[in-house]
Protein chains: 2
Amino acid sequence: MKGKDQGTEQKILEAARKVFVRKGFDGARMQEIADEAGINKALLHYYFRSKERLFQMIFEQAFAQFVPALGRILSRDVSLEEKVSAFIDQYIDLLMENPYLPSFILAEISRDPERLSELFLSTGLNPMERLATMEGQLKGTLSERADIRHFIINILAMCIFPIAARPLLQRMLFENDHQAFNLFLSERKEAVKTFTLAGMRALTIPAPEDKA
Amino acid sequence: MKGKDQGTEQKILEAARKVFVRKGFDGARMQEIADEAGINKALLHYYFRSKERLFQMIFEQAFAQFVPALGRILSRDVSLEEKVSAFIDQYIDLLMENPYLPSFILAEISRDPERLSELFLSTGLNPMERLATMEGQLKGTLSERADIRHFIINILAMCIFPIAARPLLQRMLFENDHQAFNLFLSERKEAVKTFTLAGMRALTIPAPEDKA
DNA sequence: GTCTATATGGCGATAGAC
DNA sequence: GTCTATCGCCATATAGAC
């Protein structure tokens, strides 16, 4: 079903994804993408008119993978602690399978934030709606001080940062032992959950009288 | 004392830093650096032989700013909670003044991890030593589950990530209001401290009998 | 040390045969 | 749809006058 007989267009997209995510827009070469796809450079321009347009496809796809995975997990109908727990497990797994994704997204949005405008307009994506679900659960649960946005960013940060900074952390803290770092990341799911839930509970205000 | 009469070399380094940190190695143009420094392109090659060598200077300097600030704060002789507190305050301030630093470092180390090897060799930098200080204070304070490395990475993550992902977060959570996000980052110092210390205390194992 | 002018190569993109 | 050949540009780097 897969393998050699995927259309040329698909082969190009896969190759482009590999190269762009690894090297960034400026570092990527059309020739390298062509080689990776096993086709000729001119075909790239036949299917996608320019490097810029090909990149846009890849970026949108990568972005969709990086961001709204969040929403899907958060809108499931379970308790808040379960949501947090599930999100951490799944998101760290996702990122371990796509180790270059975080630094790619972060670099590209820093260097050309305008891409985001186009993306938000074209997809009509509105993350605030998704957060509303969660917000409902949080109100009256966390104290005033624990702004929901801080809480969300804390979790995202603890999941994403170790992958984005992997080359540095692996070298500084693990004597560049690749396997040891993988083990560490697996442990990390539990560590982040424990840490987060502890912080959460400490900041919890027992719902005032609850029902009264 | 400063202003126009800093040597040409220094002017170049400043200009190069601005451009490289903003655009990355691949995106930077020698012409742009020359313009920024108010000199001619050929002079760049006179002072630094190649783009690669000029970049190395900038990268080392940026890296030194990004990383070992950690060590300086951590080795001060105060309680652990004070260290954590001081670190968060100062590090978030540092990053707010250098907003492009995180995504620059993260992108460059991902795309060419070999740079790190050279850096570690040339500076003889050994971050593990610095951590030893902290480790002493942590042993017997946090439970087994709270591996020190997880703890450190959590704090780094919560400080660095919101700056690195700023364009995204500002748009998604703050309707792209620059000022509102700055305010949020200031609040964030307290939020991260509260969250971290709460998590820390929750994981604290009361030193067994303390003195006995 | 600083400039202008130029060499040299590589890149994105297109023309045109099959 | 896919290829080969090539155009036109721009980037790094160097030569050489002042």
Side-chain angles (χ1 to χ4, degrees), chain A residues 2-62 104 107-108 110-112 114-115 118, chain B residues 2-62 100 104 107-108 111-112 114-115 118:
Chain A
K2 55 181 277 190
K4 105 176 265 249
D5 217 19
Q6 35 177 340
T8 303
E9 187 166 329
Q10 206 53 38
K11 276 197 307 191
I12 293 177
L13 284 171
E14 259 181 49
R17 181 181 143 80
K18 225 182 269 185
V19 176
F20 274 132
V21 169
R22 185 73 215 275
K23 307 267 184 88
F25 179 80
D26 293 321
R29 296 290 164 248
M30 294 297 265
Q31 184 61 59
E32 193 179 349
I33 295 174
D35 293 347
E36 180 73 35
I39 56 149
N40 191 277
K41 207 175 50 161
L43 259 194
L44 297 182
H45 290 90
Y46 177 78
Y47 279 93
F48 308 86
R49 249 189 29 208
S50 67
K51 183 183 181 183
E52 179 66 36
R53 289 170 71 90
L54 178 53
F55 179 82
Q56 278 174 25
M57 302 283 172
I58 301 307
F59 184 72
E60 282 179 29
Q61 170 191 325
F104 170 67
E108 297 300 332
S110 289
R111 295 194 184 143
D112 188 359
E114 290 315 303
R115 292 196 204 289
E118 300 159 20
Chain B
K2 57 180 277 190
K4 112 173 257 248
D5 217 21
Q6 33 177 343
T8 303
E9 187 166 330
Q10 206 53 37
K11 276 198 305 191
I12 293 177
L13 284 172
E14 260 180 48
R17 180 180 143 79
K18 225 181 270 186
V19 175
F20 275 132
V21 169
R22 185 73 216 273
K23 309 267 185 87
F25 179 80
D26 293 321
R29 296 289 163 250
M30 295 296 266
Q31 184 61 58
E32 193 179 350
I33 295 174
D35 292 347
E36 179 75 37
I39 56 150
N40 191 277
K41 210 175 47 163
L43 261 194
L44 297 181
H45 289 89
Y46 175 80
Y47 280 92
F48 307 87
R49 249 188 29 207
S50 67
K51 182 184 182 183
E52 178 65 37
R53 289 169 71 91
L54 178 53
F55 178 81
Q56 278 174 26
M57 302 283 171
I58 302 305
F59 184 72
E60 282 178 29
Q61 170 192 324
Y100 288 100
F104 169 68
E108 297 300 332
R111 299 204 178 133
D112 188 358
E114 289 315 304
R115 293 197 204 287
E118 300 160 20

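Naming: A, B, ... by sequence-line order, numbering from 1 per chain.
Of the listed nucleotides (C:dT4, C:dG12, D:dT12), C:dT4 has the atom at the smallest distance from the side chain of B:Asn40. Which of D:dT4, C:dC3, D:dA13 sits closest to the side chain of B:Leu43 comes down to C:dC3. When the nucleotides C:dA13, D:dC3, C:dT2 are ranked by their closest atom to the side chain of B:Tyr46, C:dT2 comes out on top.
Between the CZ atom of B:Arg49 and the P atom of D:dA13 there is a distance of 10 Å, rounded to whole Å. Following rounding to the nearest Å, B:Asp35 (CG) and C:dT2 (C1') show an atom-to-atom distance of 15 Å. For A:Lys51 and C:dG10, the NZ to C1' distance is 12 Å, given to the nearest whole Å. The NZ atom of A:Lys11 sits 11 Å away from the C1' atom of D:dT2 (whole-angstrom rounding). Atom NZ of A:Lys41 is separated from atom C1' of C:dC11 by 7 Å (rounded to the nearest Å). Taking atom CD of residue B:Gln31 and atom P of nucleotide D:dA13, one finds them 14 Å apart after rounding to whole Å. If you take CZ of A:Arg53 and P of C:dA13, they are 11 Å apart, rounded to a whole angstrom. Rounded to an integer number of Å, the gap from CG of B:Leu44 to P of D:dA13 is 10 Å.
Looking only at side-chain heavy atoms (C-beta outward), B:Gln31 and B:Asp35 come within less than 4.5 Å of each other. Side-chain contact between B:Arg29 and B:Lys51 is present, with heavy atoms from C-beta onward closer than 4.5 Å.
By the 4.0 Å N-to-carboxylate-O rule, B:Arg115 lies close enough to B:Glu52 to be salt-bridged with it.
At D:dT2, one or more side-chain N or O atoms of A:Thr8 fall inside 4.0 Å of OP1 or OP2 (strictly under the cut-off). Put simply, A:His45 has a side-chain N or O that comes within less than 4.0 Å of OP1 or OP2 on C:dA13. Within the 4.0 Å cut-off from OP1 or OP2 of D:dT2, at least one side-chain nitrogen or oxygen of A:Tyr47 is found.
Using a distance-only test at 3.5 Å, with no hydrogens or angles considered, no donor-acceptor pair links the side chain of B:Glu9 to the main chain of B:Tyr47.
Within 4.0 Å (heavy atoms only), B:Ala34 reaches no atom of the nucleic acid at all.
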| query | What do the steps show when you test B:Glu108 against B:Phe55 for side chain to side chain contact (heavy atoms under 4.5 Å, CB included), and what is the final call? | reply | CA-CA 11 Å; B:Glu108 297 300 332; B:Phe55 178 81; 3.7 Å; yes
